[in-house]
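Report on one structure; see the data block that follows.
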Amino acid sequence: TLEDYVGKSIPEFCPPDMAEMLLGRIKTSVSEDRTTEYEDFMNLHSGPKWFSNIVTNIKDTSGVIVGVQVASLDITERKLAEQAFSESQT
């Protein structure tokens with residue numbers, strides 16, 4: 001459920017290797033001062049899922065990065081539909 005993820009840090013809900021990769025992406029977003037977008041497959045305790053993740057820097061009024069926002073959208077149904085379509089074409 002949504003409550004399983006909202007307000008939690010990445011290591012609280014991701015396996016260590018996935019958490020390390022996602023935290024690396026956050027560091028990249030901050031160091032390069034840009035928004036980044038990724039599609040990821042994750043084996044979560046709730047089951048396998050695909051997500052579209054957008055990492056955005058949050059800045060104060062003087063332009064200093066004060067935080068990072070990660071917005072994720074479950075795109076599992078879309079990915080499964082794409083896979084089914086691809087398989088039907090072969």
Side-chain angles (χ1 to χ4, degrees):
T1 65
L2 188 59
E3 292 77 26
D4 292 331
Y5 307 102
V6 173
K8 294 189 178 176
S9 66
I10 291 170
E12 289 181 276
F13 63 85
C14 285
D17 58 333
M18 180 64 73
E20 183 178 336
M21 180 190 64
L22 295 174
L23 291 171
R25 289 177 178 174
I26 290 170
K27 289 176 185 176
T28 297
S29 180
V30 171
S31 68
E32 295 179 4
D33 193 15
R34 65 183 178 95
T35 296
T36 54
E37 185 172 355
Y38 306 93
E39 288 187 358
D40 295 302
F41 179 78
M42 303 173 114
N43 276 312
L44 302 175
H45 68 276
S46 59
K49 301 280 184 184
W50 277 95
F51 290 95
S52 173
N53 301 300
I54 300 174
V55 181
T56 306
N57 296 327
I58 300 171
K59 299 179 181 182
D60 66 13
T61 56
S62 61
V64 175
I65 298 171
V66 295
V68 175
Q69 173 183 324
V70 179
S72 297
L73 177 65
D74 183 345
I75 59 169
T76 304
E77 287 186 26
R78 185 191 89 201
K79 289 298 226 180
L80 292 174
E82 289 173 355
Q83 181 181 4
F85 177 76
S86 178
E87 289 172 0
S88 74
Q89 299 300 305
T90 56

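Leu80 shares a hydrophobic cluster with no other residue; no ILVMFWY side chain has heavy atoms under 4.5 Å from its own. Under a 4.5 Å side-chain heavy-atom criterion applied to ILVMFWY residues, the cluster that includes Phe85 comprises that residue alone.
Under the 4.5 Å side-chain heavy-atom criterion for Ile, Leu, Val, Met, Phe, Trp and Tyr, Val68 and Phe51 are members of the same hydrophobic cluster. Grouping the Ile, Leu, Val, Met, Phe, Trp and Tyr side chains by contacts below 4.5 angstrom, directly or via other members, places Met21 with Val30. Side-chain heavy atoms closer than 4.5 Å link hydrophobic residues (I, L, V, M, F, W, Y) into clusters, and following such links, even through other members, never connects Phe41 to Leu23. At a threshold of 4.5 Å between side-chain heavy atoms, the hydrophobic network of Ile, Leu, Val, Met, Phe, Trp and Tyr places Ile26 and Met42 in one connected group. By the rule that hydrophobic residues join a cluster once side-chain heavy atoms approach within less than 4.5 Å of another member, Trp50 and Leu73 end up as members of one cluster.
Atom CG in Asp33 sits 12.5 Å away from atom OG1 in Thr28 (nearest 0.5 Å). Here Thr35 contributes atom OG1 and Asn57 contributes atom CG; the two are 6.5 Å apart, rounded to the nearest 0.5 Å.
Thr76 pairs by the side chain to side chain donor-acceptor pair (under 3.5 Å) definition with Asp74, not counting sequence neighbours. Under the salt bridge (charged side-chain N to carboxylate O under 4.0 Å, His left out) criterion, Glu37 pairs with no residue, sequence neighbours left out. The side chain to side chain donor-acceptor pair (under 3.5 Å) search around Gln69 returns none, not counting sequence neighbours. Checked against ring-ring contact (aromatic ring centres under 6.0 Å, His included), Tyr38 has no partners two or more places apart in sequence or in another chain.
The 12-atom threshold is not exceeded at CD of Glu77, counting heavy atoms of other residues, nucleotides or ligands nearer than 6.0 Å. More than 12 heavy atoms of other shown residues, nucleotides or ligands fall within 6.0 angstrom of atom CD in Glu39.
Under the 4.5 Å side-chain criterion, counting only non-hydrogen atoms from C-beta, Leu22 is in contact with Asp40. Contact annotation: the side chain of Arg78 approaches that of Glu82 to within less than 4.5 Å [non-hydrogen atoms, C-beta and beyond].
With Ser29 contributing its side chain and Arg25 its backbone, the two residues share no donor-acceptor pair below 3.5 Å.
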